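So that the names make sense, note that chain A is the first sequence line, chain B the second, and so on, each numbered from 1. Owing to the predicted nature of the structure, the values given are computational and were not obtained by experimental measurement. Below, all heavy atoms of this structure are taken into account, side chains as well, without hydrogens, waters or symmetry copies.
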Amino acid sequence: MKGIYLDHNATTPVDPLVLEAMLPFLQESFGNASSIHAFGREAAKGLTTARETVAGILGCTAKEVLFTSGATESDNLALRGVVSANRKKGNHIVISSIEHPAVLNTAQALEKEGVQVTYLPVDSDGLVDPAQVKAAIRPETILVSVMYANNETGVIEPIAAIGRIVREAGVLFHTDAVQAAGKLPLNVDELQCDLMSLSGHKIYGPKGVGVLYVRKGVKLAPMITGGHHEFNKRAGTENVPSIAGFAKALELAEQRRKEDARRIGEMRDALEKRLLELLPQIFITAQGAPRLPNTSHLLLHFIEGEGFLMRLALNHGIAVSTGSACTSGTLGTSHVLDAMGLPKQLANSGVRISLGRGNTMEEMELAATAIAQEARRLRDMSPLYDNYHNGRMAEEDRRQYDVWASK
Amino acid sequence: MYSDKVMDHFTNPRNVGVIENADGIGEEGNPICGDMMTFYIKVEDGRLTQVKYKTFGCGAAIAVSSMISEMALGKTLSEALAISNKSVAEELDGLPPRKLHCSNLGADALHLAIQDYLSRHPQEAASLKMPERSREDVYEERFGRFGHGPAPTEKAD
Ligand SMILES: Cc1ncc(COP(=O)(O)O)c(C=O)c1O
Ligand code: FES
């Protein structure tokens with residue numbers, strides 16, 4: 001595939017070194033890690049090494065690392081596993097309103113099963129206020145889950161501050177750190193978390209593999225039952241090739257973290273600066289908050305995201321993503337932008353650009369030019385753009401475009 | 001997911017624009033995904049001699065408005081009123097099920113432009129049979145009794 005890939009928050013290509021780490025376990029060392037013969041022991045060795053590598057990076061013990069089929073499973077296991085094992089203690093959980101569907105929809109499903117759920121609001125930058133976390137905790141609260149960094153806007157939540165409050169209250173704290181891995185430190189003690197979800201394919205590892213860190217002493221009921229794999233917390237023959245790939249990917253992500261953040265952050269800033277020069281009436285989401293260095297979420301006023309995304313792909317081979325209502329299965333706007341208080345009409349113009357290791361500064365210039373060009377074309381055919389300028393738009397609607405605008 | 005015809009009209013939308021001193025303007029919005037279309041028409045001797053539009057919407061919505069402008073151009077008012085969401089979708093070699101509502105938007109915006117014209121030309125209106133539909137009817141036809149948008153999330157506390 002030629003073109004410019006700017007959708008790294010969706011997924012990343014597998015690093016060649018990761019592939020190299022996986023191959024032996026697909027071929028010569030193919031054994032079942034539970035078998036006691038030499039074939040099995042070799043696979044088990046790979047599994048142990050991978051677990052130790054991950055534990056080293058998270059600052060925990062190997063026994064606290066569970067391998068899963070991806071972060072969706074990790075998030076499910078964290079919520080359902082804790083709820084199910086702690087029924088005696090309470091029946092109330094707290095999550096932020098900007099969580100990934102893996103957490104949000106799981107919480108909603110639990111709600112239908114009788115669990116009480118509090119959804120924490122966020123401010124206009126998408127930040128959770130630790131004081132509101134504290135206020136939401138009740139005697140029967142068993143778990144708080146707040147994501148480390150948001151996949152749509154890249155906003156970074158004050159996880160350590162939230163974690164301290166939650167744990168002081170004697171409540172378990174889970175964080176979905178999928179988007180933070182490779183970009184922010186992952187030490188579980190510094191972050192004050194009891195459970196943490198990670199995914200392989202966001203860090204140049206394979207798809208279909210993830211981790212759930214579970215602090216020693218946390219009561220967690222398995223969701224997948226079967227054999228005695230993963231310390232009886234997640235049954236199923238271990239996917240050793242992917243697990244070895246995950247460990248290698250996380251190791252590389254950690255080694256390259258600071259350098260990647262610097263280089264990619266410079267590109268992101270250059271792209272945003274150029275776009276602000278080229279295109280009036282845009283809004284950089286969450287600009288007032290700490291953001292992941294690779295993520296830029298923009299509102300391109302008067303333009304609908306899906307049409308824009310298609311034009312950018314067709315005419316320029318540039319891949320980005322959008323949370324526009326037209327692209328979602330439910331035809332609803334992004335719950336993240338809703339929670340930030342963005343009016344629907346504006347939220348439909350949301351475009352996410354997420355950079356990665358493979359991008360170059362030249363691509364930023366190309367992308368900025370292409371984005372500005374396609375945005376102008378779509379504005380030329382937008383009735384909202386006309387109405388904004390010819391006075392047919394209601395004053396209140398018109399004002400929204402001026403309020404949510406980056407200078 | 002889109003047919004070649006949809007892609008063609010999406011990449012090269014025909015007749016985009018506004019008509020200064022239009023004889024009729026129809027604006028229709030979609031309360032669910034927030035999209036909007038505005039049609040402008042010029043009428044001479046009972047025929048649409050110019051059809052232009054502006055569209056804020058997905059790829060399908062853009063293709064629909066472009067196709068409708070082509071279908072309506074040169075038609076009599078009653079012929080243009082007969083253009084339906086179904087006939088547009090057929091002309092486009094089909095639309096994904098999720099995108100059928102975008103074709104409603106286009107047909108409705110065109111019909112509103114014609115209605116706008118007829119409201120100022122009562123004689124012509126009298127000689128034409130207009131389908132009697134209220135805005136609520138149109139909404140219900142399109143989205144069901146209460147719309148099928150995501151239900152507002154129940155938030156505890
Ligand atoms: C924040 C976040 N959590 C969870 C997931 C789900 O991860 P996976 O694709 O490994 O199931 C993703 C990725 O889509 C994500 O961005
Ligand atoms: S206009 Fe929103 S889905 Fe087509």
With sequence neighbours left out, what residues match Y5(A) under side-chain hydrogen bond (donor to acceptor under 3.5 Å, both in side chains)?
none
Check this for me: K86(B), atom NZ, are more than 12 non-hydrogen atoms of other residues, nucleotides or ligands nearer than 6.0 Å?
no
What part of Y53(B) is in contact with chain A, defined as an atom under 4.5 angstrom from a non-hydrogen atom: side chain, backbone, both or neither?
side chain
Check whether more than 12 heavy atoms from other residues, nucleotides or ligands sit under 6.0 Å from atom CG of D402(A), and answer yes or no.
yes
What residues of residues 379-393 of chain A sit under 4.5 Å from chain B when only non-hydrogen atoms are counted?
D380(A), M381(A), S382(A), P383(A), L384(A), D386(A), N387(A), R392(A)
Would you check if the side chain of E304(A) reaches a backbone N or O of F56(B) as a donor-acceptor pair within less than 3.5 Å?
no
Chain A heavy atoms under 4.5 Å from F39(B): which part of the residue, side chain, backbone, both or neither?
neither
Test of understanding: with side-chain hydrogen bond (donor to acceptor under 3.5 Å, both in side chains), list the residues that count as partners of S84(A), not counting sequence neighbours.
none
Can you list everything that forms a ring pair (Phe, Tyr, Trp, His ring centres under 6.0 Å) with F283(A)? Sequence neighbours excluded, please.
W404(A)
Where does I303(A) contact chain B at under 4.5 Å (heavy atoms): side chain, backbone, both or neither?
backbone
Within a reach of under 6.0 Å around CD of E113(A), are more than 12 heavy atoms found that belong to other residues, nucleotides or ligands?
yes
Heavy-atom check, side chain of T11(B) versus side chain of R311(A), under 4.5 Å:
no
